[in-house]
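This report refers to the structure that appears directly beneath it.
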Amino acid sequence: MPELPEVETTLRGIAPWVCGQRITSIVVRQRQLRYPVPRTLAATLDGTRIESVTRRAKYLLLHTQRGTLILHLGMSGSLRVLDAEVPVQKHDHIDIVLDNGKCLRLRDPRRFGALLWTSADPARHRLLRDLGPEPLSAAFSGEYLCEHARGRRVAVKTYIMDSRIVVGIGNIYANEALFLAGIRPQRAAGRVSLQRYQQLASAIKAVLNQAIAEGGTTLRDFTASDGRPGYFRIRLNVYDRAGEPCPNCGEPISQMRLGQRSTFYCKRCQR
DNA sequence: CCCGATTCCTGTAGGC
DNA sequence: TGCCTACAGGAATCGG
């Protein structure tokens, strides 16, 4: 499931192949994703050049002369650069065919992904306008987290997974960052000290940066079939390790549900 | 505003 | 071996 580091890796992988290319055609085999793919896409984009590719939260933005394609990988989506004639497989829903003979192919078995279009400023789009800061930006800090948490009783794990507070932190990295910061996931967000929020912000930046760095090691092979996500390469301390010994103290890792999400933590190391 | 629950979807794993 | 159920997850949306 692509989290922010996987999306960043995808961005770096596709950018050299698509920037400056013109779109020859768009093939939509499955229109029903998280939102219906607009029917007008092919007509709007035919012949348009892709100027640049950027990322906001887990959205990839393909900026063209006429507007911006907004693409989300959901939880099972992958985007690869292939020769246009490579046969499609199951769940290959969309091809964006380029005039260099390549195509951007979206595969998404669970169809939680999205492909939308805006001719206006993408930052003002409904899906993007209320997003919080990027976790790797200077605007994201322990002070920021502490400030916005005042009076809030929601669990701190749910709080940091709220994209209005900070973007790009999915379940895996939320669990890992809270472990590194020594904070119990179910603690009320408003009852975490500034000092611990500073540790948490550092931990979030550290796990994301590490995963991006590991993801970068797969970039050379990106046009092949396996862009292996970064988190398969980093050592996960607690996620999906219920009952296994805590890497710090040996206590068995606990599992609980928080906001309908599996939550893993060490009862001794996280308070 | 705040918060918890529900919803979309399909592949996989576990129980019997 | 196969059927059935539960679960995984991002994030919008709904109801209290």
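The sequence lines fix the lettering, A, B, ..., with proteins before strands; numbering per chain opens at 1. This is a predicted model, so every value here is computed, not measured.
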A:R257 CZ to B:dA5 P, straight-line distance once rounded to whole Å: 11 Å
5' precedence on DNA chain B between A:P109 and A:A155 (nearest-nucleotide basis): A:A155
Integer-rounded Å distance: B:dC8 P and A:Q260 CD: 15 Å
Flag, side chain of A:N175 to backbone of A:F264, donor-acceptor distance under 3.5 Å: yes
Among A:V37, A:L115, A:D108, the one residue meeting side-chain contact (heavy atoms from CB on, under 4.5 Å) with A:H93: A:D108
Nearest-nucleotide pick for A:M161, side chain only, options being C:dG10, B:dT6, B:dT10: C:dG10
A:R107 side-chain N/O to B:dT10 phosphate OP1/OP2 under 4.0 Å: no
No-H, no-angle donor-acceptor pair, A:R110 side chain to C:dA8 base, under 3.5 Å: yes
A:Q32 backbone acceptor or donor facing A:R111 side chain under 3.5 Å: yes
Along DNA chain C (nearest heavy atom to each residue), the more 5'-positioned of A:S262 and A:H72: A:S262
side-chain hydrogen bond (donor to acceptor under 3.5 Å, both in side chains), paired with A:N171, selected from A:E176, A:K157, A:E3: A:K157
Nearest-Å distance for atom pair CG/C1', residues A:L115 and C:dG10: 17 Å
Protein-nucleotide distance (A:D240, atom CG; B:dA13, atom P), rounded to Å: 12 Å
Nucleotide nearest A:R261 when distance is taken to its side chain, options C:dA11, B:dG11, B:dC3: C:dA11
Sugar-phosphate only, base, or nothing, as touched by A:R164 at under 4.0 Å among non-hydrogen atoms: nothing
Among C:dA8, C:dA12, B:dG11, the one nearest A:K90 by side-chain distance: B:dG11
Options C:dA12, B:dT10, C:dG10, nucleotide nearest the side-chain atoms of A:R111: B:dT10
Expected output: side-chain A:Q270 to main-chain A:C266 donor-acceptor under 3.5 Å: yes
Rounded distance (Å) that lies between atom P of C:dG10 and atom CG of A:D108: 13 Å
N or O in side chain of A:H91 less than 4.0 angstrom from B:dG11 OP1/OP2: yes
Interatomic distance, A:F112 CZ vs B:dT7 P [rounded to whole Å]: 12 Å
Between C:dA11 (C1') and A:L33 (CG): distance, integer Å: 15 Å
Touch class at under 4.0 angstrom, heavy-atom based, for A:L73 against every strand present: nothing
Sugar-phosphate only, base, or nothing, as touched by A:Y35 at under 4.0 Å among non-hydrogen atoms: sugar-phosphate
Side-chain ion pair, A:E8 and A:R55, N-O less than 4.0 Å: yes
A:Y59 side-chain proximity, nearest of C:dG10, C:dA12, C:dA8: C:dA12
5'-most by nearest nucleotide on DNA chain B - A:G259 or A:R150: A:R150
Integer-rounded Å distance: C:dA12 C1' and A:D130 CG: 11 Å
